[in-house]
Structure formats: C-alpha cells, structure tokens
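Whatever order the structure lists them in is the order used to number ligands and atoms, beginning at 1.
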Amino acid sequence: MNNVIIIGSGCAGLTAAIYTGRANLKPMVIDGHEPGGQLAITTMVENFPGFPDGILGPDLIDNMRKQAQRFGAEFKSGAITDVDLSKRPFKITAGNETYETRALIVASGATARLLGLESERKLIGYGVSTCATCDGYFFRGKEIAVVGGGDSAMEEANFLSRFASRVYLVHRRNEFRASKIMIDRTRANEKIQFLTPVVVEEISDVSKGGVENMTLRNAETNQASTLPVSGIFIAIGHLPNTKVFRGKLDMDENGYLITRYGSQTKIPGVFAAGDVQDHHYKQAVTAAGSGCMAAIDAEKFLEMRADV
Ligand code: NAP
C-alpha cells in the first residue's frame, strides 16, 4: 500500500514527488509513456527561474528526478492502463502490475500534436518547436513559420512577431478555426504573412541538424514550393493524456481534467497537476507550481483522513 502515487514524471509530477518525499510520504512515481514529459524533448530552457545562463530541458528534468530520489521517491516505468477510483484505496494498473494507494496525483501532462513527419521528429528542439513562449527568443531577426489555423497558431504568430523579422502562418485550409478577433489581429500584423491552403510535406535539413526550409504543397493547385525559414512552430493543438480517466474524473470538452480549490478533482484523495489540467499557461514553472500545490493538498488529505 502506497501513501501517494504520482502518475507522470514531467515537471509537475517530479515537483509533487519532491514535496511529498520531503513530507516523508515515500511517493511512488509512475513514469508514463513519455518519461520526463515535454522538457525531456526540449533543448535550452531560458525561462525557468534560477538558471541565469539557461539549462538544457533534459538536464533540468534529470536534476528534478535526482532531487525527488534523494527524498525517497521510488520510480516505476510503464504506462497506466486502468484506474479504479470507485473506492479507497485506489487501484492503479500499469500493464501487469496493479498498485494500491491512499492518495493519487495525476500529472500525466498533455502531448503536443505533431504533423507526423520523420524530419519534424528529428528536428524537435533544433529549430522545430511546439512552444513559442519557450523558444521565440532564439529566433530574433529570423524568418520563421507557424503551422496551424486555430487560436493557438494566431496567438503564437503574434507573439513570435515580436522577435522574428517575418512570420509565415501556414495552414492547410483557407478557412480558420480561430476566433474572428484573433484572425483580424493576426491579419493586421504587418510582420505576419498568411500562406494557405498549404500542407507541410517536409522539413530540411536533417543532415545538418537544423531547420533551413520547408517543402509546402498547395492543396488546391498541388504545386510544391520551398519556403526558407530558420524555425518552425507547430501549433496544431495538444492532447491531454486523460484517456484512462474518461467517465471517472470530470473533464472539459477537450479532455483536460477539471480541478477546484487548488488541485482537487471531484474524487476526494485524487489530485491533478500540470498540463493535464492546464491548457492555458502550459509552462514548466507553472507545472512545477501546480505539482507543489497537489503535493500539499495530498499531504493535508492524508493527515485529515488517517482512516483511509
Ligand atoms: P484547435 O482549435 O483544435 O486548432 C488546431 C488547428 O490545427 C486547426 O486549424 C487544424 O486545422 C490544424 N491541424 C490539426 N491537425 C493538423 C495536421 N495534422 N496538419 C495540419 N494542421 C492541423 O487547437 P488550438 O488552436 O490549440 O486551440 C485549442 C483550444 O484552445 C481552442 O478552443 C481555442 O479556442 C483555445 N485557445 C484560445 C486562445 C485565446 O482565446 N487566446 C488561445 C489559444 C487557444 P483544421 O482547421 O483544418 O482542422
């Protein structure tokens, strides 16, 4: 029987592990299918407080993991396949293993949707990014592209126009999912040029380890073209990792967990932290902050409910 199980080992999960570890709760962390979360696939992180020269995402997450281990956190690999939250202790199944726990912190994150190109996967962190707030600063004075036609793409294109000399907004249709106000604001921005209806076919140059251009195909004329850019921001949405909680925890229409009074879900003893319950801020530092909140809430819950 565990005091607390933490699902997910990104910034939120590891911060929850550090806090519950220091509270002597001997947390168990189940890694999930993306150990380390989104920081593990980032390169330089310059906006996490405390690192004036920046720190590599994988190093930051590795430090957090060591810090959690120092305070007694135990790590298990494996993705969660089922949860039984109908009664306490909760039962958490990862493949062939089932664990029991008095409290649960869900920090399973959200996965940025990608286009699915091999070159895109290879160049993530090397010119291809899914986070304008994190990486925009690296593209000062450069020409870059944002892919997508929703509010995120519009917001990121506007944000990136503060740094880049030109931003191409690349979208596969002539119609946009984004709200009118966001489209109007983006169209009024002189630094942003719309390219539609175009599909991204390839990102080059993997052999040089960086982004030099993208191959686009016009969806109406079928004509291919090459667009020279130094960076590409993929803004085609995120998928919260909440499949196993469907019908068990409250979610919004996009599948994000709904929390109240800090990190509480509708089930007493189940808490949520990080991007799995945040589609707005999505930052390492806000995920860490909410991991801390969930740990404190879980600790208080266990203190008050010694019977559990
Ligand atoms: P979204 O609204 O789902 O838009 C995703 C966009 O990516 C769509 O334009 C879609 O194209 C495109 N896309 C999806 N898969 C693609 C693929 N494989 N290849 C190329 N393009 C692809 O996602 P979002 O923009 O992240 O927004 C999510 C939610 O957050 C929305 O409710 C949005 O309003 C909200 N949000 C609000 C704000 C704000 O109000 N300031 C800011 C950000 C987000 P199609 O349209 O052709 O399917």
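For atom 5 (C) of ligand 1, the nearest non-hydrogen atom from the set Leu239, Val199, Leu115, Ile236 belongs to Ile236.
The CE atom of Met251 sits 4.0 Å away from the OG1 atom of Thr242 when rounded to the nearest 0.5 Å. The structure places CD1 of Ile192 at 10.0 Å from CZ of Arg166, a figure rounded to the nearest 0.5 Å.
Atom 32 (O) of ligand 1 has as its closest protein heavy atom Asn254 ND2, 4.3 Å. Atom 36 (N) of ligand 1 has its closest protein heavy atom at Asp151 CB, 3.6 Å. Looking at atom 24 (P) of ligand 1, its nearest protein heavy atom turns out to be Ser152 OG, 3.2 Å.
Residue-to-ligand polar distances place Glu155 within reach of ligand 1: an N/O pair is separated by less than 3.5 Å. Checking only distances, Arg177 does come within under 3.5 Å of ligand 1, N or O to N or O. Among the atoms of Gly149, some N or O lies under 3.5 angstrom from an N or O of ligand 1. Considering backbone and side-chain atoms alike, Arg172 places an N or O below 3.5 Å from some N or O of ligand 1. Where the criterion is an N or O separation shorter than 3.5 Å, residue side chain and backbone included, Arg173 meets it with respect to ligand 1.
Between Asp62 and Lys66 a salt bridge is recorded (basic side-chain N to carboxylate O distance below 4.0 Å).
Only one option out of Asn2, Thr93, Leu104, Ile80 pairs with Tyr99 in a side chain to side chain contact (heavy atoms under 4.5 Å, CB included); it is Asn2.
Heavy-atom separations between His171 and ligand 1 include at least one value shorter than 4.0 Å.
When distances from atom 30 (O) of ligand 1 to the protein are checked, no heavy atom turns up under 4.0 Å.
Close contacts between ligand 1 and Gly237 involve ligand atoms 23 (O), 26 (O) [criterion: under 4.0 Å to a heavy atom].
For the pair Arg162 and Phe159, the cation-pi criterion (under 6.0 Å, within 45° of the ring axis) is not fulfilled.
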Residues Ile105, Tyr19; criterion side chain to side chain contact (heavy atoms under 4.5 Å, CB included); working and verdict:
CA-CA 12 Å; Ile105 296 175; Tyr19 272 76; over 6 Å; no
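Among all heavy-atom pairs drawn from Gly274 and Ala12, the shortest one is CA-CB, 3.6 Å.
For Asn174 and Glu220, the side-chain atoms include at least one donor-acceptor pair closer than 3.5 Å.
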